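Accompanying notes for the structure given below.
Worth saying up front: this structure is predicted, and the values here are computed from it rather than measured. Whatever order the structure lists them in is the order used to number ligands and atoms, beginning at 1.
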Amino acid sequence: MTGPDPVRLYRTVRLIRRFEERAIELVDAGEIVGGIHPYLGQEGVAAGVCAALAAGDLVTGTHRGHGHVLAKGADPARMLAELCGRVTGLNRGRGGSMHAADFGVGVLGANAIVGAAGAILTGAVWARRRRGDDVVGATFFGDGAVNEGMLLEAFNLAALWRVPVLFVCENNGYATTMPVEGAVAGTIAGRAAAFGMPATAVDGQDPEQVRAVTAAAVARMRAGGGPELVEARTYRFDAHHTFEHRVRLDYRPPEEVAAARLRDPVLIQGDRLPAEVRAAVDAEVEATLTAAVDFALAGPAPDPATALDHLYASGLTARTGGG
Ligand SMILES: Cc1ncc(C[n+]2csc(CCOP(=O)(O)OP(=O)(O)O)c2C)c(N)n1
Ligand SMILES: [Mg+2]
């Protein structure tokens, strides 16, 4: 496993930040239908975790999943085309924001079902290792997932069968509008302890700390140590979902949001680089994203007649017109 690479970490958090900002513009322009769950503020978690994984390792993400997909190495242009529902997208425009996947870089998918991604990844890593492949995996989930039976079942099987899965809880303090204190009995680390899994808390706003904690856990897992949990304390700077840009929900005190924004992972990592290096990365990211927006908007929308293609192994033909 490689050591810390401050420039790479910065490039990743900056890429995710600007990707999300451009995606919000495309939501506002009506090019991304249905809106997105912005990952703004949490970039350090995906960047730090994925920097400690090997190219062949596996990842599953959440409804707030763009950062996970990008940090693991998916092409931002094809990801943006996916969000715009174009045939040039990672999944021909059929997965969209919450189900984007790129198996080629080990991303088995973002996932709209809270708590599901942990079960999917546990099964996938278990299957690959049974075949003899030397892979580990990391699955991301929010504080809202820690009371979901599906995730706790994944904890159990992963621990019982010593499946090398890093369970990464992105504790951003809220599940939609529900504060974590109002929903979680006991502690998140306590859930890991119940299954005999080590748990480590980390400052999710610091990409290098996240990378270091993940690298240590991954080394233990590769050596046969079994699954672990990392609780990354983080904060989402923006809305739960872009619909919230149109309705004020007033569940977070403005002072709390303002204070949290001071601990910005992009600034924390950026401040570690010489100014000219940082400026060069920023320019590179801007060029990448401008090209990505152009690519996304140039892609054609899928033909409605192909709506059922790739859905059923047996093959069904879509009915068009007339029902
Ligand atoms: C099984 C399930 N229940 C409810 C929902 C609706 N839902 C979507 S996001 C969300 C909140 C999730 O909160 P958290 O896990 O903390 O993630 P965050 O949104 O904070 O990133 C809920 C309840 C869902 N998608 N899946
Ligand atoms: Mg949350």
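- For the atom pair H66 NE2 and M79 CE, the distance stands at 4.5 Å (nearest 0.5 Å).
- Neither side chain, H99 nor R94, offers a donor N or O lying under 3.5 Å from an acceptor on the other.
- For the residue pair N172/Y39, the side-chain donor-acceptor check at 3.5 Å is not satisfied.
- Scanning the protein heavy atoms around atom 3 (N) of ligand 1, the nearest turns out to be E148 OE2, 4.2 Å.
- Distances shorter than 4.0 angstrom occur between a heavy atom of A145 and an atom of ligand 1.
- Scanning Q42, R64, H37, E170 for the heavy atom closest to atom 21 (O) of ligand 1 points to R64.
- One finds the CG atom of D282 at 3.5 Å from the OH atom of Y10 (value rounded to the nearest 0.5 Å).
- Atom CZ of R17 sits about 10.5 Å away from atom CD of Q42, to the nearest 0.5 Å.
- Under the 3.5 Å distance criterion, the side-chain polar atoms of R220 are left unmatched by any main-chain donor or acceptor of G226.
- Put simply, the residue from R129, R222, R128 that forms a salt bridge (charged side-chain N to carboxylate O under 4.0 Å, His left out) with D57 is R222.
- In this structure, atom 10 (C) of ligand 1 has a protein heavy-atom contact shorter than 4.0 Å.
- When only interatomic distances are considered, the shortest N/O to N/O separation between R236 and ligand 1 does not fall below 3.5 Å.
- Every atom of ligand 1 with a heavy atom of N172 under 4.0 Å away is listed here by number and element: 18 (P), 20 (O), 21 (O).
- With rounding to the nearest 0.5 angstrom, the CG atom of D238 is 7.5 Å from the CD atom of E244.
- Nearest non-hydrogen protein atom to atom 14 (P) of ligand 1 is G144 N, 3.4 Å.
- The atom of D143 nearest to the Mg ion (ligand 2) is OD1, with the search restricted to N, O or S atoms.
- Remark: ligand 1 and A112 share an N or O pair separated by less than 3.5 Å (distance only, no angle test).
- Geometrically, ligand 1 and H63 share a nitrogen or oxygen pair separated by less than 3.5 Å.
- For atom 7 (N) of ligand 1, the closest heavy atom belonging to the protein is V114 CG2, 4.0 Å.
- A donor-acceptor contact shorter than 3.5 Å links the side chain of R191 to the backbone of V146.
- Nearest protein heavy-atom contact of atom 23 (C) of ligand 1 is T176 OG1, 4.0 Å.
- T176 lies apart from the Mg ion (ligand 2) in this respect, since none of its N, O or S atoms is found at a distance under 2.8 Å.
- Only the backbone of Y174 comes within 4.0 Å of ligand 1, judged by heavy-atom distances.
- The nearest N, O or S atom of N172 is closer to the Mg ion (ligand 2) than 2.8 Å.
- Judged purely by distance below 3.5 Å, without hydrogens or angles, the side chains of T234 and Q205 pair a donor atom with an acceptor atom.
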